[in-house]
Amino acid sequence: MRLNTALIVAGTILLNIAASLCQLDECGQAPLNNKIFGGEAATAGAWPWQVSIHITCDGDLCYCGGSLINKDWVLSAAHCLQGFGTSDIMMYFGRLRRSGLNPYETNRTASRIIIHHTFNNPKNDNDIGLIQLSSSVTFTDYIRPVCLAAAGSTFAAGTEIWVTGWGKLHSGGECRFVPFPDILQEVQVPIVSNSDCYNAYGGLITNNMICAGLIKVGGKGSCQGDSGGPVVSWNGSLWIQSGIVSFAGVKCDDPRYPSVFTRVSQYQDWIATNIANNTPRFVEFNNNGFRSSLNLFLFSISLTFSIIPFTFSHYLSS
């Protein structure tokens, strides 16, 4: 009986670790995305973590983006969620088109909303929020989680990032008269140093932000409707979310102002604290390679195998 108990204890530990490893292995992979450069309209499954968030506001619909970070949680911007309740939110996964048929799509309502406790609006510092799904989603080639940039990640100026969303393609004259695109859009832009971004805005930019765009050129970046959506970088094997769409200049295609994103790597502890179970995978990005939280689980495995002999000896000797 004691031997059986020891086996059960050891087996439970191994199963928990295996489940965690399975979750980690699924992030940052987009099997249907064979493009690393260029792009305008996305294809089905190209960005499987992209979430379309529909929010009921003043009797109308407001739109934001988000990213799937595990089977139960979506990451978005605080300014998208502030002032709304769980009953106001519907999230769509596996979506390509805003209208018409999306054969790989599923949707969920929200069961919980968490906004960073020091979110500062209108300065937009700490512009980050989490949404817990009403029920778990099932991963497919069209619905997968993204890896998150770990604390200590560095994104040097010039590093290429991808911004995705259904936001307006340009600000035009009266922004409200510019239509939203029907198909999910993708754009690749380079990181702008925080010092250059600070100078462009005359302040406002903090270490909790990351900027990207074509200064003095313009025409590429985030716009109205992209807020809360993911900004990702490719490290050679995984897609890693470096930012969350936060804000742009007076006009979203104004060449004087880069797009500004919440720097995800600054919030590893905050995210992990609020998602106590099934924590998303964090990967350190430094332009020269990456280190992963997977190493922690490899350590756990080695620790488990050191515990098992102790467990056996404890039960056999008692």
Side-chain angles (χ1 to χ4, degrees), residues 23 26-27 47-99 102 104-122 124-140 142-146 148 164-167 180 184 208 222 224-231 241 243-247 261-262 264 266-281:
Q23 163 71 21
E26 290 174 323
C27 88
W47 311 103
W49 41 82
Q50 178 76 44
V51 182
S52 178
I53 303 177
H54 293 195
I55 305 169
T56 303
C57 47
D58 298 326
D60 202 353
L61 275 181
C62 298
Y63 301 99
C64 271
S67 55
L68 184 66
I69 57 175
N70 67 20
K71 62 185 178 64
D72 296 304
W73 289 88
V74 164
L75 185 66
S76 189
H79 79 264
C80 285
L81 308 175
Q82 191 174 49
F84 297 104
T86 55
S87 61
D88 298 318
I89 291 176
M90 177 67 76
M91 293 164 285
Y92 295 88
F93 307 86
R95 167 168 286 204
L96 177 65
R97 297 179 177 274
R98 287 168 54 89
S99 63
N102 284 286
Y104 310 108
E105 178 182 279
T106 189
N107 61 70
R108 294 291 188 277
T109 55
S111 64
R112 188 182 178 195
I113 298 171
I114 303 173
I115 294 175
H116 197 281
H117 59 286
T118 59
F119 169 56
N120 189 337
N121 194 7
N124 288 312
D125 201 17
N126 300 308
D127 191 8
I128 186 171
L130 290 163
I131 310 171
Q132 186 172 15
L133 310 187
S134 55
S135 62
S136 301
V137 293
T138 300
F139 296 155
T140 68
Y142 301 89
I143 302 172
R144 286 176 179 258
V146 67
L148 300 179
T164 52
W166 288 272
F180 289 102
L184 177 67
N208 297 323
S222 58
Q224 182 184 354
D226 289 324
S227 290
V231 176
Q241 183 171 353
I244 302 165
V245 177
S246 183
F247 68 94
F261 316 106
T262 305
V264 171
Q266 294 285 82
Y267 299 93
Q268 179 171 352
D269 289 344
W270 182 81
I271 293 170
T273 298
N274 283 288
I275 303 179
N277 299 317
N278 197 21
T279 305
R281 181 181 177 185

Under the 3.5 angstrom rule, does the side chain of [X] hit a backbone N or O of [Y] as a donor-acceptor pair?
X	Y	result
Ser67	Gln50	no
Asn70	Asp72	yes
Asn208	Asn126	no
Trp166	Leu96	yes

Which pairs count as salt bridge (charged side-chain N to carboxylate O under 4.0 Å, His left out) when at least one residue sits in residues 73-96, sequence neighbours excluded?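 Of all non-adjacent pairs touching residues 73-96, those that pass salt bridge (charged side-chain N to carboxylate O under 4.0 Å, His left out) are Arg95-Glu105.
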Qualifying residues under salt bridge (Lys or Arg N to Asp or Glu O under 4.0 Å), relative to Arg112, sequence neighbours excluded: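 Per chain and number, Arg112 pairs via salt bridge (Lys or Arg N to Asp or Glu O under 4.0 Å) with no residue.
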Describe, in one word, how the ring planes of His54 and Tyr92 are oriented to each other, choosing from parallel (under 30°), tilted (30 to 60°) and perpendicular (over 60°).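 Judged by the thresholds at 30° and 60°, the geometry between His54 and Tyr92 is tilted.
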Which value, rounded to the nearest 0.5 Å, describes the distance between [X] atom [atom1] and [Y] atom [atom2]?
X	Y	atom1	atom2	value
Lys71	Ile143	NZ	CD1	14.5 Å
Thr140	Phe93	OG1	CZ	11.5 Å
Leu61	Ile55	CG	CD1	9.5 Å
Arg144	Thr138	CZ	OG1	12.5 Å

Ignoring hydrogens, what is the shortest heavy-atom contact between [X] and [Y]? Give both atom names and the distance.
X	Y	result
Asn124	Ser246	CB-OG, 3.8 Å
Trp49	Pro145	CE3-O, 3.8 Å
Pro280	Ile271	CG-CG2, 4.3 Å

Identified side-chain contact (heavy atoms from CB on, under 4.5 Å) partner of Met91 from the options Ile131, Asn107, Val137: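 Testing each of Ile131, Asn107, Val137 against Met91, the sole residue satisfying side-chain contact (heavy atoms from CB on, under 4.5 Å) is Ile131.
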Report the residue from Ile275, Ile128, Leu68, Val51 that forms a side-chain contact (heavy atoms from CB on, under 4.5 Å) with Leu75.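 Testing Leu75 for a side-chain contact (heavy atoms from CB on, under 4.5 Å) against Ile275, Ile128, Leu68, Val51 leaves exactly one candidate, Ile128.
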For the residue pair [X] and [Y], establish whether any side-chain heavy-atom pair is separated by less than 4.5 Å.
X	Y	value
Ile89	Leu81	yes
Phe261	Ile244	no
Ser76	Ile53	yes
Ile113	Leu130	no

After noting the C-alpha distance and the side-chain angles of Cys80 and Cys64, does the key distance pass the disulfide bond (SG atoms under 2.5 Å apart) rule? CA-CA 6 Å; Cys80 285; Cys64 271; 2.0 Å; yes
Asp127-Thr262 side chain donor-acceptor pair, cut-off 3.5 Å: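 Result is no, nothing qualifies.
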Going by the side-chain hydrogen bond (donor to acceptor under 3.5 Å, both in side chains) test, name the single residue among Ser135, Ser134, Ser136 that passes it with Arg108.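 For Arg108, the side-chain hydrogen bond (donor to acceptor under 3.5 Å, both in side chains) test succeeds with only one of Ser135, Ser134, Ser136, which is Ser135.
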Evaluation steps, side-chain contact (heavy atoms from CB on, under 4.5 Å), between Val231 and Gln241: CA-CA 6 Å; Val231 176; Gln241 183 171 353; 5.6 Å; no
Determine which pairs satisfy ring-ring contact (aromatic ring centres under 6.0 Å, His included) with at least one residue from residues 65-89, sequence neighbours left out, and list them in order.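 Applying ring-ring contact (aromatic ring centres under 6.0 Å, His included) to every pair that reaches into residues 65-89, excluding sequence neighbours, yields nothing.
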Taking CZ in Arg98 as the centre, count heavy atoms belonging to other residues, nucleotides or ligands within less than 6.0 Å. Is the count above 12?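 Atom CZ in Arg98 is packed in, count exceeds 12.
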